[in-house]
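What follows is a short report on a single structure.
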Amino acid sequence: MATTPDVRVRRVYEQPDAADGTRVLVDRIWPRGVSKERAHLDEWCKEIAPSTELRTWYAHIPDRFGAFETQYTAELAEPERAAALDRLRSIAESGTLTLLTATRDPEISEAAVLARLIRERREVAP
């Protein structure tokens, strides 16, 4: 039986942890006030970020998270985003993956949606 991938979600502003494994920023926009050196990224996967329209509509309003998750999951079926999701899945298969975001509440972010999809090995339908 396969084990559940170790996928973590953290704010990019937090100090890196030795247990983070591969650190991937999943925001489209570079986080304000963070240098590339301080971020300690292995990869910046901006192509997986939600569309500007969806991100603007959502505005990290907690009551909208369910609808955001549904719409974002649909966006992940688009070819470029689907390829990026496959890339993240392959990273998670080979070790710990930490998805980084600049949002104040990472548990209601695109990083949380991605982590859940990767952990549950859920496919996104076109």
Side-chain angles (χ1 to χ4, degrees):
M1 185 170 167
T3 60
T4 302
D6 184 7
V7 183
R8 302 165 185 207
V9 175
R10 298 187 64 205
R11 292 190 75 215
V12 70
Y13 299 105
E14 296 173 14
Q15 279 294 101
D17 187 287
D20 282 348
T22 303
R23 293 170 51 89
V24 179
L25 178 65
V26 293
D27 292 347
R28 182 173 309 281
I29 300 167
W30 186 261
R32 194 174 287 160
V34 176
S35 69
K36 293 191 182 197
E37 294 77 31
R38 186 174 147 223
H40 295 282
L41 294 183
D42 293 296
E43 198 170 314
W44 180 14
C45 188
K46 57 184 159 185
E47 59 275 1
I48 203 160
S51 65
T52 300
E53 296 79 15
L54 180 56
R55 186 174 47 81
T56 303
W57 167 82
Y58 175 44
H60 294 280
I61 297 170
D63 290 344
R64 293 183 180 172
F65 182 68
F68 167 78
E69 183 172 21
T70 300
Q71 292 175 49
Y72 180 47
T73 301
E75 286 187 353
L76 289 170
E78 297 168 7
E80 185 178 26
R81 287 186 178 97
L85 180 57
D86 286 343
R87 167 96 177 105
L88 293 177
R89 283 187 170 125
S90 71
I91 293 170
E93 287 173 8
S94 61
T96 302
L97 170 63
T98 298
L99 302 175
L100 301 168
T101 181
T103 186
R104 290 175 198 231
D105 188 351
E107 294 309 310
I108 59 167
S109 69
E110 76 273 8
V113 174
L114 292 168
R116 193 168 16 263
L117 289 171
I118 295 167
R119 282 185 204 118
E120 296 172 0
R121 293 181 171 86
R122 275 185 33 213
E123 295 298 319
V124 290

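Everything numeric here is computed off the predicted structure, so don't read it as measured data.
Cluster annotation: Val26 is connected to Leu76 through the hydrophobic network of ILVMFWY side chains, with a link wherever side-chain heavy atoms come within less than 4.5 Å. In this structure, Val34 is not a member of the same hydrophobic cluster as Val24, with clusters built from ILVMFWY side-chain heavy atoms closer than 4.5 Å. Leu114 and Leu25 fall into different hydrophobic clusters, defined by Ile, Leu, Val, Met, Phe, Trp and Tyr side-chain heavy atoms under 4.5 Å apart, directly or through other members. Connection of Leu41 to Tyr13 is established within a shared hydrophobic cluster, with ILVMFWY side chains joined at heavy-atom distances below 4.5 Å, either directly or through further cluster members. When the side chains of ILVMFWY residues are joined at heavy-atom separations under 4.5 Å, either directly or via intervening members, Leu100 and Val9 end up in two distinct hydrophobic clusters.
Listed by first then second residue, pairs satisfying salt bridge (charged side-chain N to carboxylate O under 4.0 Å, His left out) with a partner in residues 32-44 read Glu43-Arg87, not counting sequence neighbours.
Every side chain to side chain donor-acceptor pair (under 3.5 Å) that Asp6 has, sequence neighbours left out, goes to Arg8, Thr96. For Thr22, the side chain to side chain donor-acceptor pair (under 3.5 Å) criterion is met by no residue, not counting sequence neighbours. Arg10 meets the side chain to side chain donor-acceptor pair (under 3.5 Å) test with Glu14, Asp20; sequence neighbours excluded. Shown here are the ring pair (Phe, Tyr, Trp, His ring centres under 6.0 Å) partners of Tyr58, two or more places apart in sequence or in another chain: His60, Phe68. Residues that satisfy the side chain to side chain donor-acceptor pair (under 3.5 Å) test with Glu75, not counting sequence neighbours, are Ser51.
Here the CG-CD1 distance, from Leu97 to Ile118, works out to 5.5 Å after rounding to the nearest 0.5 Å. Rounding to the nearest 0.5 angstrom, the gap separating the CD1 atom in Ile91 from the CZ atom in Arg23 is 13.5 Å. To the nearest 0.5 angstrom, Thr103 atom OG1 is 7.5 Å from Glu110 atom CD. Note: Thr73 OG1 to Gln71 CD = 10.0 Å, rounded to the nearest 0.5 Å.
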- [ ] Carefully, step by step, assess Ile48 and Tyr72 under the rule side chain to side chain contact (heavy atoms under 4.5 Å, CB included).
- [x] CA-CA 10 Å; Ile48 203 160; Tyr72 180 47; 3.9 Å; yes
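Between the side chain of Ser109 and the backbone N or O of Asp105 there is no donor-acceptor pair closer than 3.5 Å. Remark: the backbone N or O of Asp27 is not paired with any side-chain donor or acceptor of Arg55 at under 3.5 angstrom. A donor-acceptor distance shorter than 3.5 angstrom exists from the side chain of Arg11 to the backbone of Ala102, with no hydrogens or angles considered.
Here the shortest heavy-atom pairing between Val12 and Ala39 reads CG2-CB, 4.1 Å. Annotation for Ala77 and Ala82: closest pair O-CB, 4.1 Å, computed over non-hydrogen atoms. Residues Ile29 and Trp44 come closest through the heavy atom pair C-CZ2, 4.1 Å. Of all non-hydrogen atoms in Pro106 and Ala112, the two that sit nearest each other are O-CB, 3.4 Å.
Counting only heavy atoms from C-beta outward, the side chains of Arg64 and Trp57 approach each other to under 4.5 Å.
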